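First up is the structure itself, then whatever we jot down about it.
The shown structure was predicted, so the numbers you read here are calculated from the model rather than taken from an experiment. Letters A, B, ... are given to chains in the order of the sequence lines, protein chains preceding strands, and every chain is numbered from 1.
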Protein chains: 2
Amino acid sequence: MELYHLRTFVAVAEEKHLTRAAERLFTSQPAISAHIKALEETLGVTLFDRTPKGMRLTRVGEELLPRARQALAAASAVMQHAKGLQDELIGSVRIGLNTDARFLRLTALQAALSANFPRLEVSMLTGSTGTNVPAVRVGKLDGAFVTGEIDDPTLSVCYLCDEPLIVAAPTAFREQITSTDVAALARLPWVFTSPDCSHYRAMRVLFEAHCCEPVRTLIANQEDALVEMIRAGVGLGIVRKGALPADDPLAYELPVALAPAPLQFVHLKKRDNDPVIRAVVQALCAVWDIGTPQDQVREAG
Amino acid sequence: MELYHLRTFVAVAEEKHLTRAAERLFTSQPAISAHIKALEETLGVTLFDRTPKGMRLTRVGEELLPRARQALAAASAVMQHAKGLQDELIGSVRIGLNTDARFLRLTALQAALSANFPRLEVSMLTGSTGTNVPAVRVGKLDGAFVTGEIDDPTLSVCYLCDEPLIVAAPTAFREQITSTDVAALARLPWVFTSPDCSHYRAMRVLFEAHCCEPVRTLIANQEDALVEMIRAGVGLGIVRKGALPADDPLAYELPVALAPAPLQFVHLKKRDNDPVIRAVVQALCAVWDIGTPQDQVREAG
DNA sequence: ACGCGCCATCACAATTTCCGAAGACGCGAA
DNA sequence: TTCGCGTCTTCGGAAATTGTGATGGCGCGT
């Protein structure tokens with residue numbers, strides 16, 4: 001028994017004629033006849049009395065008709081519900097973070113997403129550029145914030161802004177620091193970031209340009225931890241300019257030129273057309289006030 | 001969208017593998033794949049995430065699954081209900097009567113029918129042999145009691161018993177009746193039945209055998225009316241033996257030999273295998289204590 | 001008696017569905 | 001890394017189902 005049997009059953013019961021039911025269902029009268037016959041055979045009952053004036057429901061048919069309608073309505077409800085769902089974005093998205101929430105404008109992102117896609121569940125998961133990239137690659141994250149150049153052909157990258165980086169020094173070091181010559185600074189203790197972190201790369205670029213290697217004092221991979229270490233006098237470090245207040249009494253910025261690091265959002269390139277990804281990218285573009293996603297998403301490498 | 005799409009959808013959702021779902025549904029795996037693909041296309045949504053380990057329900061799929069189950073259950077309810085109905089006799093049957101209820105053992109017939117077929121609606125409609133036969137022929141009655149030979153190839157006849165017929169005379173006529181010679185009796189007034197009635201034929205047979213024609217005084221086509229006329233002294237008449245009490249003070253039986261009239265039940269021959277007809281015939285056989293229906297139903301003519 | 005409308009049946013065509021094989025892909029073990 | 005395994009998808013052709021138009025039977029009304 002299939003739905004078309006029931007559709008035909010109901011149509012014939014309502015029209016009381018195979019001919020009219022056939023017209024209503026845009027098919028031929030023999031087809032309708034066959035449907036009814038097949039249905040009667042599989043159900044093992046007679047649904048209609050055949051009269052010269054048409055088809056009249058049997059008592060059994062009368063009992064079965066409302067149930068057939070109910071089955072059709074249930075099937076229709078599936079279609080209906082699907083129709084309602086097909087444009088709505090439903091599902092979950094896991095976004096990896098690589099620095100603090102405020103800098104990433106997460107509240108605005110969340111607001112934009114929940115306004116446009118109220119049924120999308122968003123998970124913001126802390127991490128770092130170094131951990132986020134492989135997580136996106138293996139599907140543990142749907143997308144992630146990263147800093148610095150990404151060189152992976154399987155990823156799509158969406159540029160958001162440039163993060164200015166600075167060399168920060170503890171106020172306690174002020175008298176030891178006689179010049180901002182990099183080679184001289186390299187002899188002082190430095191707070192490292194883990195190789196995961198994008199700042200690590202900036203640091204390597206800086207010192208490799210001057211052919212020197214700083215003393216590795218401590219490793220921190222969380223920006224606020226890094227800043228705290230610097231302020232506590234553990235050593236110098238590279239941080240986002242925004243992470244260090246201008247009037248901080250315990251640390252200050254050294255006038256060393258550092259290339260800014262680009263803040264970006266990455267996701268698997270093969271999911272470029274995934275509606276969830278498009279939704280997130282669209283929200284990001286609104287939050288960061290950049291153009292249409294198409295203009296901004298470019299291939300990595 | 002057809003039911004098999006939903007069946008496959010539910011099976012795949014439960015088995016989480018096209019392969020296993022295919023086994024469960026006794027079909028091939030590409031067929032299952034096509035079902036899901038077609039369903040997703042018609043619904044306009046993605047129901048499953050394809051993973052190397054199998055199929056995982058999408059959030060949308062999860063929302064749709066219970067509704068799909070509901071539709072299948074509703075369809076199954078139609079089947080179930082039909083199964084329950086297919087052996088039960090449902091409908092109505094109209095039976096024509098040709099004489100009084102007690103003689104036809106109607107209470108016993110009704111009891112037998114309602115015991116075996118509680119959902120069968122039985123209508124007992126008064127009439128006469130002459131009106132019943134055409135009513136059965138055109139379908140106004142499903143079956144009827146008739147008396148006398150029926151000569152219609154479209155009807156099936158079920159013999160029930162012989163009705164003894166008698167010539168009844170008013171007690172007031174006793175002195176006028178000097179002999180039981182039919183020709184002499186024919187000169188007295190007679191209460192006729194209508195030509196519809198089976199007794200009419202008996203009367204014609206009687207008088208034609210003696211080449212005489214009685215005086216037609218009155219016509220009654222209801223047996224109790226007939227008896228009342230006779231008892232009132234209107235004339236002689238032919239009645240069922242049981243319709244005239246042996247000790248009736250107003251009428252008595254004349255010793256005239258009359259062939260008994262067979263009481264029978266007739267129905268359209270083409271409905272021999274109609275379950276409703278079979279049910280009625282079966283009940284009649286039980287009530288009249290005759291053999292199986294097959295043995296008793298014989299062709300008319 | 002005839003035409004009309006209804007449904008059932010038939011043979012054949014159109015469509016759909018199904019199947020087996022081959023391909024793509026990710027995963028895990030060697 | 002490479003191979004084998006299991007998964008789903010796709011493909012072409014076969015099989016089954018469904019649909020079509022013509023035909024016939026039947027009852028009814030003109």
>> Distance check, rounded to the nearest 0.5 Å: B:Leu155 atom CG versus B:Arg271 atom CZ?
In response: 12.0 Å
> If you pin A:Gln29 and B:Gln29 to their nearest nucleotides in DNA chain D, which one's is more 5'?
Replying inline: B:Gln29
>> Quick check on contacts: within residues 30-44 of chain B, what sits under 4.0 Å from DNA chain D by heavy-atom distance?
In response: B:Pro30, B:Ser33, B:Lys37
> Of A:Leu47, A:Val45, A:Val60, A:Thr58, which is the lone residue that meets side-chain contact (heavy atoms from CB on, under 4.5 Å) with A:Glu40?
Replying inline: A:Leu47
>> If the test is side-chain contact (heavy atoms from CB on, under 4.5 Å), which one of A:Leu141, A:Val146, A:Leu104 qualifies with A:Leu97?
In response: A:Leu104
> In Å, rounded to the nearest 0.5 Å, how long is the span from CG of B:Leu106 to CE of B:Met124?
Replying inline: 4.5 Å
> Rounded to the nearest 0.5 Å, how far does CD of A:Glu15 lie from CZ of A:Arg24?
Replying inline: 4.5 Å
Protein and nucleotides 24-30 of chain C: nitrogen or oxygen contacts under 3.5 angstrom:
unit_1: C:dG26; atom_1: OP1; unit_2: A:Lys270; atom_2: NZ; d: 3.4

> For DNA chain D, which residues in residues 11-23 of chain A have a heavy atom at a distance below 4.0 Å?
Replying inline: none
>> A:Ser33 and side-chain contact (heavy atoms from CB on, under 4.5 Å): which single residue from A:Val12, A:Thr19, A:Thr8, A:Leu18 fits?
In response: A:Leu18
> Do the side-chain N or O atoms of A:Arg50 get closer than 4.0 angstrom to the phosphate oxygens (OP1, OP2) of C:dA8?
Replying inline: yes
>> With nearest nucleotide decided by heavy atoms, which residue, A:Ser28 or B:Thr51, maps closer to the 5′ end of DNA chain D?
In response: B:Thr51
